[in-house]
Asker: 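One structure is given below, represented as structure tokens, and several questions about it will come after.
Convention: sequence-line order gives letters A, B, ...; per-chain numbering from 1. This one's a predicted model, so the numbers in the text were calculated from it and none came from an experiment.
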Protein chains: 2
Amino acid sequence: MGEVRGFIRRTKQREVILRVLRSTRCHPTAEWVYQQVRRELPHVSLGTVYRNLRILSETGEVLELRYSKSYSRFDGVATNHYHFVCERCGRVEDVPMPVHEKMDRAVEQLMGVQVRQHRLEFYGLCARCLAADANSR
Amino acid sequence: MGEVRGFIRRTKQREVILRVLRSTRCHPTAEWVYQQVRRELPHVSLGTVYRNLRILSETGEVLELRYSKSYSRFDGVATNHYHFVCERCGRVEDVPMPVHEKMDRAVEQLMGVQVRQHRLEFYGLCARCLAADANSR
DNA sequence: ATAAATGCAAAGCATTTGCAACCAT
DNA sequence: ATGGTTGCAAATGCTTTGCATTTAT
């Protein structure tokens with residue numbers, strides 16, 4: 001699947017992409033990253049952005065999050081944490097809750113598998129959309 | 001986004017699609033469902049399968065699961081439950097563990113949002129792949 | 001009778017890839 | 001100099017959609 005890469009060169013493009021990703025908490029799409037990177041490197045191509053997002057997820061420097069929309073979002077914080085997704089506006093927020101690694105062990109016992117990690121997402125209405133609801137009522 | 005539907009007619013196609021989905025625990029792709037349905041309705045079109053999978057997720061009769069692969073998988077069991085995904089062979093299994101609704105309330109308190117549901121997935125190696133590993137060692 | 005649903009094929013759209021030029025090592 | 005990386009554009013592949021026709025109600 002993922003091809004084996006020899007060594008990885010340091011390039012301006014990848015550097016900027018990673019910096020953009022780490023400087024936001026908005027869980028952006030590839031397109032958004034592309035637009036940001038373009039402000040600094042106007043000739044960067046969308047293909048390069050995708051290629052690097054892929055490489056960075058493979059090396060574990062960023063997290064790729066695929067939701068029920070048709071595109072991925074990326075997270076510059078690669079350590080496992082939970083997300084909240086607003087079903088109305090699509091906003092993705094981090095959930096300030098510790099990761100329950102015990103659950104991994106429980107599933108291993110239960111199913112005879114080996115668990116490396118888990119992913120937990122909450123779906124509902126964000127504070128902003130709730131407030132909008134309250135106002136229009 | 002989802003268009004509002006008047007009433008929904010009962011059709012042979014949708015009936016078979018739902019039956020196929022409910023008769024397996026393998027969390028199939030749209031393509032797999034299509035192939036199965038074709039055995040019974042040779043002239044069914046892939047478009048119809050997609051259309052109905054969409055309708056059935058919208059009405060909550062099936063669950064659409066989007067993983068890091070490029071395609072969706074569907075689950076004929078629509079009540080919330082957890083999944084285990086094998087990172088080697090791609091197999092998706094149900095996790096026989098009760099759903100922790102308390103977590104939803106905790107996140108609501110923590111973030112001031114409204115949580116409707118959550119989704120929890122475990123990633124690792126399934127029992128079969130572990131066994132294969134042990135044999136080849 | 002009426003409008004939802006279908007089959008078919010074309011279109012959409014996010015993502016990937018082939019290739020010649022480029023550049024980090 | 002070597003081969004990883006880029007920009008560009010074409011290709012891919014899952015999914016959606018337009019339309020004429022069929023079919024459930």
Asker: Nearest-Å distance, CG (A:Leu65) to C1' (C:dA14)?
Answerer: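 A:Leu65 atom CG is separated from C:dA14 atom C1' by 16 Å.
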Asker: Does a salt bridge link B:Glu121 with B:Arg119, judged by any charged N lying under 4.0 Å from a carboxylate O?
Answerer: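 Yes, B:Glu121 and B:Arg119 are salt-bridged.
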Asker: Ignoring backbone atoms, establish whether B:Arg54 has a side-chain N or O less than 4.0 Å from OP1 or OP2 of D:dT16.
Answerer: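 Yes, within the criterion.
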Asker: On DNA chain D, check which nucleotide each of B:Ala30 and A:Ser45 is closest to and give me the residue with the more 5' one.
Answerer: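 Its nucleotide being nearer the 5' end, the pick is A:Ser45.
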Asker: Over 60° means perpendicular and under 30° means parallel, so tell me whether A:His81 and A:His27 are parallel, tilted or perpendicular.
Answerer: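 A:His81 vs A:His27 ring planes: tilted.
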Asker: Roughly how many Å is it from CG in A:Leu46 to P in C:dC13, rounded to a whole number?
Answerer: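 To the nearest whole Å, that distance equals 15 Å.
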Asker: Using a strict threshold of under 4.0 Å (side-chain N to carboxylate O), is an ion pair present between B:Glu64 and B:Arg54?
Answerer: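 Here B:Arg54 does not pair with B:Glu64 in a salt bridge, since their nearest N and O are not under 4.0 Å apart.
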Asker: B:Phe7 has an atom CZ; how far is it from atom P of D:dT25, in whole Å?
Answerer: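 For the pair B:Phe7 CZ and D:dT25 P, the rounded distance is 8 Å.
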Asker: Please state how far atom CD in A:Glu58 lies from atom C1' in C:dT15, giving the value in whole angstrom units.
Answerer: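 To the nearest whole Å, that distance equals 14 Å.
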Asker: Mind calculating the distance between CD1 (B:Ile55) and P (C:dA4) to the nearest angstrom?
Answerer: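 Between P of C:dA4 and CD1 of B:Ile55: 11 Å.
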Asker: Closer than 3.5 angstrom, by distance alone: can the side chain of A:His100 be matched with the main-chain N or O of A:Pro98 as a donor-acceptor pair?
Answerer: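 Checked: pair present.
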Asker: What pairs of nitrogen or oxygen atoms, one from the protein and one from nucleotides 18-21 of chain D, lie under 3.5 Å apart?
Answerer:
| from | atom 1 | to | atom 2 | distance (Å) |
| --- | --- | --- | --- | --- |
| D:dG18 | O6 | B:Arg51 | NH1 | 3.3 |

Asker: Give the intermediate values and the outcome of side chain to side chain contact (heavy atoms under 4.5 Å, CB included) for residues B:Leu110 and A:Met97.
Answerer: CA-CA 8 Å; B:Leu110 221 47; A:Met97 179 185 256; 4.2 Å; yes
Asker: State, without any angle test, whether B:Thr29 and B:Glu31 hold a side-chain donor-acceptor pair at a distance under 3.5 Å.
Answerer: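 There is no such pair (donor and acceptor under 3.5 Å, judged by atom type) between the side chains of B:Thr29 and B:Glu31.
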Asker: Could you tell me the separation between the CD atom of B:Glu31 and the P atom of D:dT16, rounded to a whole number of Å?
Answerer: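 Result: 14 Å.
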Asker: Just how large is the angle between the end axes of the helix from C:dA1-D:dT25 to C:dT25-D:dA1, five pairs per end, to 10 degrees?
Answerer: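 Taking the rotation axis at each end, their angle is 40°.
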Asker: Are B:Tyr34 and B:Val44 packed together at the side-chain level, in the sense that at least one heavy-atom pair is separated by less than 4.5 angstrom?
Answerer: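 Answer yes - side chains close enough.
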Asker: Check the distance between C:dT15's P and A:Asn52's CG and give it to me in whole angstrom.
Answerer: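 Going from CG in A:Asn52 over to P in C:dT15 covers 15 Å.
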Asker: Among C:dG7, D:dT17, C:dA14, which nucleotide sits nearest the side chain of B:Thr48?
Answerer: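 Per side-chain heavy atoms of B:Thr48, the pick is C:dG7.
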Asker: For D:dT16, take OP1 and OP2 only and decide whether either is under 4.0 Å from a side-chain N or O of B:Tyr50.
Answerer: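 Looking at the OP1 and OP2 atoms of D:dT16, neither is under 4.0 Å from any side-chain N or O of B:Tyr50.
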Asker: Which of residues 9-21 of chain B have a heavy atom under 4.0 Å from DNA chain D?
Answerer: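 Contacting residues: B:Arg9, B:Arg10.
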Asker: Are the side chain of B:Thr24 and the backbone N or O of B:Leu21 linked by a donor-acceptor pair below 3.5 Å?
Answerer: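 No, because the side chain of B:Thr24 does not come within donor-acceptor range (under 3.5 Å) of the backbone of B:Leu21.
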Asker: Using atom NE2 of A:His43 as one end and atom P of D:dC8 as the other, report the distance to the nearest whole Å.
Answerer: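 Those two atoms, NE2 and P, are 7 Å apart.
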Asker: Which residues satisfy the salt bridge (Lys or Arg N to Asp or Glu O under 4.0 Å) test with B:Arg105, sequence neighbours excluded?
Answerer: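 Here the qualifying residues are B:Glu108.
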Asker: Quick one: list whatever passes side-chain hydrogen bond (donor to acceptor under 3.5 Å, both in side chains) with B:Ser45, sequence neighbours left out.
Answerer: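 Result, side-chain hydrogen bond (donor to acceptor under 3.5 Å, both in side chains) vs B:Ser45: B:Thr48.
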Asker: Just to verify, what does B:Arg116 make a salt bridge (Lys or Arg N to Asp or Glu O under 4.0 Å) with, not counting sequence neighbours?
Answerer: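 Counting only residues at least two positions away or on another chain, B:Arg116 forms a salt bridge (Lys or Arg N to Asp or Glu O under 4.0 Å) with A:Glu87.
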Asker: Quick check on the 6.0 Å ring-centre criterion: do A:Tyr82 and A:His118 meet it?
Answerer: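 Between A:Tyr82 and A:His118, the centre distance is under 6.0 Å.
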Asker: Hey, which of these two, B:Phe74 or A:Gly47, hits DNA chain D nearer its 5' end, going by closest nucleotide?
Answerer: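 Its nearest nucleotide being more 5', the pick is A:Gly47.
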